[in-house]
> 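A single structure is presented below for examination.
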Amino acid sequence: MKKQPTLPATQTPHMLDFISHSPAQTERIGQRLGELVAPGDVLLLMGDFGVGKTHLVKGAVRGLGSSDLVTSPSFVLINEYQTQAHPRKLTIYHVDLYRIDDPHELAGIGLEELWESQGVCLIEWAERAEEWLPADHLTIYMQHLAETKRVLRFVPHGVRYQQLVNAFKDEAFG
Ligand SMILES: Nc1ncnc2c1ncn2[C@@H]1O[C@H](COP(=O)(O)OP(=O)(O)OP(=O)(O)O)[C@@H](O)[C@H]1O
Ligand SMILES: [Mg+2]
């Protein structure tokens, strides 16, 4: 049985919760986040099947300034998108680890090179990789509440991601 993620019970001062009422709203949340993401950032998306991880990524890719088509990389593991030169030229790595049963399978694939690069990493089913991922990152937990209602929880790990969540709060609610 694969583990089903749930929202972490612990509260940290920088975390942020909100509700999405539609796929379009989840994309807009992703877009706002994408507008604040910087080269080298790592965002982990955790949550059950069909909770909306790929929709959030779609918005984030748009917010980063790419018009590339976002598709689910469930079979290929990694999709790459490019942003235009303006405002900044970047590579976005969209990773889906659903098919990884054991984190050891990740050895030798070269995923580390992605987060050591100046690209941006958006990783679905990141719970499959457990402690193997970089210590500093933003985790986005998503959970079903109803047919089109989802709860999203941003949990930053490390100062850079606390700043990112605070900047998001200022933009969204400030
Ligand atoms: N508030 C919502 N936010 C996002 N998606 C929603 C919402 N309400 C309904 N949906 C629907 O849920 C589905 C989410 O699909 P999506 O591919 O984004 O999920 P996923 O988490 O990436 O799934 P998987 O685990 O298979 O990768 C879509 O069919 C979308 O229309
Ligand atoms: Mg997906």
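All ligand and atom numbering here is 1-based and tracks the order in the structure.
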> Quick one: NE2 on H94 to SG on C121, what's the gap to the nearest 0.5 Å?
11.5 Å
> Just jot down the side chain to side chain contact (heavy atoms under 4.5 Å, CB included) partners of A167, sequence neighbours excluded, or say none.
L36
> For the CG atom of D68 and the CZ atom of R62, what is their distance to the nearest 0.5 Å?
13.0 Å
> Closer than 4.0 angstrom, basic N to acidic O: yes or no for R160 and D41?
yes
> Give every protein N, O or S atom lying under 2.8 Å from the Mg ion (ligand 2), naming each by residue and atom.
T54 OG1, E124 OE1
> Examine S20 against ligand 1 and note whether any of their N/O atoms are separated by less than 3.5 Å.
yes
> I need the atoms of ligand 1 closer than 4.0 Å to a non-hydrogen atom of E147, numbered in the order shown.
8 (N), 9 (C)
> After noting the C-alpha distance and the side-chain angles of S66 and Q84, does the key distance pass the side chain to side chain donor-acceptor pair (under 3.5 Å) rule?
CA-CA 6 Å; S66 173; Q84 318 307 318; 5.2 Å; no
> Is the NZ atom of K169 crowded by more than 12 outside heavy atoms at less than 6.0 Å?
yes
> Among K149, H55, R150, which residue places a heavy atom closest to atom 12 (O) of ligand 1?
R150
> Tell me whether ligand 1 is touched by S22 - counting only heavy atoms on the residue side and a distance under 4.0 Å.
yes
> Could you check which of G59, P73, G50 puts a non-hydrogen atom nearest to atom 13 (C) of ligand 1?
G50
> Using a 4.0 Å heavy-atom threshold (strictly under), name the region of S72 that reaches ligand 1: side chain, backbone, both or neither.
neither
> Run the numbers for me: atoms of ligand 1, each under 4.0 Å from some heavy atom of G52, listed by number.
4 (C), 5 (N), 14 (C), 16 (P), 18 (O), 19 (O), 20 (P), 21 (O)
> Where the closest heavy atom to atom 24 (P) of ligand 1 is concerned, which of Q25, K58, K53 has it?
K53
> For R32, look at atom CZ and say whether over 12 heavy atoms of other residues, nucleotides or ligands are found less than 6.0 Å away.
no
> Applying a 4.0 Å heavy-atom criterion (strictly less than), which segment of V51 is in contact with ligand 1: side chain, backbone, both, or neither?
both
> Taking non-hydrogen atoms only, is Y98 closer than 4.0 angstrom to ligand 1 via side chain, backbone, both or neither?
neither
> Would a line drawn from the ring center of Y141 to the ring center of F154 be shorter than 6.0 Å?
no
> Looking only at distances, can you tell me whether any N or O atom of T54, backbone or side chain, sits closer than 3.5 Å to an N or O atom of ligand 1?
yes
> Counting the benzene-type ring for Trp, do F49 and Y98 have ring centres under 6.0 Å apart?
yes
> If you scan the protein for heavy atoms around atom 29 (O) of ligand 1, do you find one that is closer than 4.0 Å?
no
